[in-house]
Amino acid sequence: METAKIQIQLGRNNWVLGERTRVMGILNVTRDSFSDGGKYLEPDAALDHARAMALQGADILDVGGESTRPGARAVSVSEELKRVLPVIRLLKQELDLPVSIDTYKHEVALEAIAAGAD
């Protein structure tokens with residue numbers, strides 16, 4: 001007996017779950033990121049990095065505007081929005097990949113979705 005295929009749609013992309021492993025490109029737009037040290041604060045730098053990740057095989061781009069490294073200070077909703085919204089808008093204009101938002105704040109999640117996050 002064959003298992004039913006589960007499909008999800010992310011933006012314009014239709015994925016069949018279990019079809020293949022998907023790769024998420026992480027795009028931190030924080031000054032104190034433990035993984036990149038704040039290299040992608042400016043939207044154009046973030047876009048360049050996202051393009052490189054897409055060329056390397058990323059299937060989805062995950063944008064984060066607040067560091068979660070141990071000892072990191074929390075940022076306000078307005079600061080997080082100031083960091084992530086321009087990047088999300090630019091990514092959705094320039095690339096044909098789903099974009100997710102890495103946040104625990106519902107206000108940021110809602111605004112990110114309104115800006116185009118999938």
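Along the sequence shown, residues are numbered consecutively beginning with 1. Quick caveat: nothing in here was measured; it's all calculated off a predicted structure.
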Engineer: Are L97 and I60 packed together at the side-chain level, in the sense that at least one heavy-atom pair is separated by less than 4.5 angstrom?
Structural biologist: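 No, their side chains stay 4.5 Å or more apart.
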Engineer: Can you give me the closest heavy-atom contact between W15 and D59, atom names plus distance?
Structural biologist: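 Looking at all heavy atoms of both residues, the closest pair is CZ2-O, 3.5 Å.
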Engineer: What heavy-atom pair brings R22 and V16 nearest, and what distance separates the two atoms?
Structural biologist: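 For R22 versus V16, the nearest heavy atoms are NH2-N, 4.4 Å.
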Engineer: Work out which heavy atom in A50 is nearest to a heavy atom in L91; give both atom names and the distance.
Structural biologist: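 Closest approach of A50 to L91, heavy atoms only: CB-CD2, 3.4 Å.
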Engineer: CG/L27 to OG/S100 distance, rounded to the nearest 0.5 angstrom?
Structural biologist: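 Output value for this atom pair is 10.0 Å.
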Engineer: Answer yes or no: are there more than 12 heavy-atom neighbours, outside I8 itself, under 6.0 Å from its atom CD1?
Structural biologist: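 Atom CD1 in I8 is packed in, count exceeds 12.
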Engineer: Is it the case that the side chain of E80 and the backbone of E66 share a donor-acceptor pair, with hydrogens and angles ignored and the cut-off at 3.5 Å?
Structural biologist: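 No; judged by distance alone, with no hydrogens or angles, the pair does not exist.
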Engineer: Apply side-chain contact (heavy atoms from CB on, under 4.5 Å) to R12 and list each qualifying residue two or more places apart in sequence or on a separate chain.
Structural biologist: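 If we apply the side-chain contact (heavy atoms from CB on, under 4.5 Å) test to R12, skipping adjacent residues, the hits are D96.
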Engineer: Name all pairs fulfilling the salt bridge (charged side-chain N to carboxylate O under 4.0 Å, His left out) condition that reach into residues 107-118, sequence neighbours left out, sorted by first residue then second.
Structural biologist: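 As it turns out, the salt bridge (charged side-chain N to carboxylate O under 4.0 Å, His left out) pairs with a partner in residues 107-118, which skip direct neighbours, are K92-D118.
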Engineer: Is there a path of hydrophobic side-chain contacts, each under 4.5 Å between heavy atoms of I/L/V/M/F/W/Y residues, joining V75 to I88?
Structural biologist: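 No, I88 and V75 fall in different hydrophobic clusters.
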Engineer: Following the transitive rule for hydrophobic clusters with a side-chain heavy-atom cut-off under 4.5 Å over Ile, Leu, Val, Met, Phe, Trp and Tyr, establish whether I101 and V77 coincide in one cluster.
Structural biologist: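 Yes; tracing contacts between hydrophobic side chains, which count when under 4.5 Å, links both residues.
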Engineer: Can you see which heavy atom on P86 is nearest to which on P43, and at what distance?
Structural biologist: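 Nearest heavy atoms, P86 then P43: CB-CG, 4.0 Å.
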Engineer: Using every non-hydrogen atom in the two residues, find where A115 and L85 come nearest and quote the distance to one decimal.
Structural biologist: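 Between these two residues, the closest heavy atoms are CB-CD2, 3.8 Å.
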Engineer: For a quick test of reading the model, state the closest non-hydrogen atom pair linking P98 to N13 and the distance between them.
Structural biologist: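 For P98 versus N13, the nearest heavy atoms are CD-ND2, 3.3 Å.
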Engineer: Quick check: are there more than 12 heavy atoms from other residues, nucleotides or ligands sitting under 6.0 Å from CD of E42?
Structural biologist: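 No, the 6.0 Å shell around CD holds no more than 12 heavy atoms from other groups.
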Engineer: Can you hop from I26 to V23 via hydrophobic side chains spaced under 4.5 Å?
Structural biologist: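 The answer is no; the residues belong to distinct hydrophobic clusters.
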Engineer: Please walk me through it: do R51 and E94 pass salt bridge (charged side-chain N to carboxylate O under 4.0 Å, His left out)?
Structural biologist: CA-CA 9 Å; R51 284 180 176 140; E94 299 289 328; 3.2 Å; yes
Engineer: Do T30 and R83 come within less than 4.5 Å of each other through their side chains, counting heavy atoms only?
Structural biologist: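 Of all side-chain heavy-atom pairs linking R83 with T30, at least one is under 4.5 Å.
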Engineer: Can you confirm whether D44 is buried at CG, in the sense that more than 12 heavy atoms of other residues, nucleotides or ligands lie under 6.0 Å from that atom?
Structural biologist: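 Atom CG in D44 is not packed in, count stays at 12 or less.
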